[in-house]
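Some notes on the structure that comes next.
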Amino acid sequence: MLEEVERWLDRRSWSVADRSLDRILAAKRNTKVSVVLPALNEEATVGDIVAVIRRELMTEAVPLVDELVVIDSGSTDRTAEVAAAAGARVVARDSILPRIPAVPGKGEVLWRSLMVTSGDVVCFVDADLRDFSADFVTGIVGPLLTDPDVDFVKAMYDRPFGDTPGQGGRVTELVARPLLNLHWPRLAGFVQPLGGEYAARRSLLERLPFPVGYGVELGLLVDALHTVGLDALAQVDVGVRKHRHQDGQALGRMAAAIYRTAQLRLSRGHLVRPWLTQFERGEQGFEPRTYAVDTEERPPMAEITEYARRRVA
């Protein structure tokens, strides 16, 4: 590990217990905090997450979160209804920036969320978390409120796979961590580089391009490094993350999108064939299934006319 990264780990890696809630609230002052949950068919978990944030972080006694928004990206279940009943403002992905046709993908939802939120600090939380704790929010928002030199904070945590501890995050270990260590070794200290729980200053997020799909976490991390430098990045240990796990083939598609995101940032060169073929056993033996790899990226939000007009207004 680079000496710079070892120093960074000592300086910019914390535990949620390192900042009391009272200290965070005292530092908040006039800073507005928005929490965004990107959601697609998450009726089983989104309501509990919203309820915890409303109950523990949006009260007169604890006014940490000013805005709680669920961006529904086309759910076919009761995600929107459950989230609204629990107290979130629910916005349909396709209603945001209708001039630009929406494409499927998590990064697309996160990018559009900047148009319908107003917080100086924006905190992203995945909507499939189980046994959710408010520490996921306070942990990653805290450094942004207490340290003006920090611009981007990722949560780190244990990721059990079923009942087996420490076996989650398969794409992280097989794809993202090798890529970062080999090509961006200054980011080798991040425990969960692909984790969906992170917070950043709007002033940074609006300057970054957003890969529309699964590559969004790696893309934002790499681009934040180049934009503000390693010392402006941090991570906070928030304990254990329990969530729904993807099957092996979905993980393969995720890995391909992440590789594509890395490849773009390495060379901005031409991808020979942006497709991934996987195999499933059928009646006639193994049958190929081919999927397009996410290759589109959204430009920095600061370049979008509607966003610029909103800020002037």
Is the backbone N or O of [Y] less than 3.5 Å from a side-chain atom of [X], with the two atoms forming a donor-acceptor pair by type?
X: Asp77; Y: Glu43; result: yes
X: Arg112; Y: Leu97; result: yes
X: Asp10; Y: Arg7; result: no
X: Asp147; Y: Pro143; result: no
X: Gln235; Y: Gly189; result: yes
X: Thr117; Y: Ser34; result: no

With a cut-off of 3.5 Å and sequence neighbours excluded, list every side-chain donor-acceptor pair involving residues 53-64.
{"from": "Thr59", "atom 1": "OG1", "to": "Ala61", "atom 2": "N", "distance (Å)": "3.4"}
{"from": "Thr59", "atom 1": "OG1", "to": "Val62", "atom 2": "N", "distance (Å)": "3.0"}

Quick test of your reading of the model: are [X] and [Y] salt-bridged, counting only N-O distances below 4.0 Å?
X: Glu217; Y: Lys106; result: yes
X: Asp231; Y: Arg11; result: yes
X: Asp126; Y: Arg241; result: yes
X: Glu4; Y: Arg186; result: yes
X: Glu297; Y: Arg265; result: yes
X: Arg177; Y: Glu173; result: yes

Pairwise side-chain contact, [X] with [Y], heavy-atom cut-off 4.5 Å (strictly under):
X: Val91; Y: Ser95; result: yes
X: Leu129; Y: Ile49; result: yes
X: Leu40; Y: Thr79; result: no
X: Ile140; Y: Cys123; result: yes
X: Phe210; Y: Leu114; result: yes
X: Trp111; Y: Val212; result: no

Are Glu67 and Arg89 close enough, and set up right, to give a salt bridge (Lys or Arg N to Asp or Glu O under 4.0 Å), and what steps lead you there? CA-CA 8 Å; Glu67 187 175 43; Arg89 175 162 65 95; 3.0 Å; yes

Which residues pass the salt bridge (charged side-chain N to carboxylate O under 4.0 Å, His left out) test with [X], sequence neighbours left out?
X: Glu6; answer: none
X: Arg201; answer: Asp151
X: Glu306; answer: Arg99

For residues 7-46, which residue pairs qualify under ring-ring contact (aromatic ring centres under 6.0 Å, His included), counting only residues two or more places apart or in two chains?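 Passing the test, one end in residues 7-46: Trp8-Phe190.
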
Step-by-step salt bridge (Lys or Arg N to Asp or Glu O under 4.0 Å) determination, Arg130 to Asp48: CA-CA 8 Å; Arg130 295 183 287 109; Asp48 290 340; over 6 Å; no

Working to the nearest 0.5 Å, report the span between [atom1] of [X] and [atom2] of [Y].
X: Leu2; Y: Leu230; atom1: CG; atom2: CG; value: 9.5 Å
X: Leu174; Y: Leu179; atom1: CG; atom2: CG; value: 11.0 Å
X: Leu145; Y: Thr31; atom1: CG; atom2: OG1; value: 5.5 Å
X: Asp128; Y: Asn41; atom1: CG; atom2: CG; value: 12.0 Å
X: Arg310; Y: Ile304; atom1: CZ; atom2: CD1; value: 12.5 Å
X: Met156; Y: Ser15; atom1: CE; atom2: OG; value: 7.5 Å

Tell me the salt bridge (Lys or Arg N to Asp or Glu O under 4.0 Å) pairs involving residues 20-38, sequence neighbours left out? Lys28-Asp66

What pair of heavy atoms forms the shortest contact from Ser113 to Phe124, and how long is it?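 So the minimum-distance heavy-atom pair works out to OG-CE2, 3.5 Å.
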
Could you check Thr146 against Arg19 for side-chain hydrogen bond (donor to acceptor under 3.5 Å, both in side chains), going step by step and ending with a plain yes or no? CA-CA 9 Å; Thr146 60; Arg19 289 173 178 80; 2.8 Å; yes

Which of these passes side chain to side chain contact (heavy atoms under 4.5 Å, CB included) with Leu180: Leu194, Val175, Val222, Thr172? Val222

So, Tyr157 versus Glu197: side-chain donor-acceptor pair below 3.5 Å or not? yes

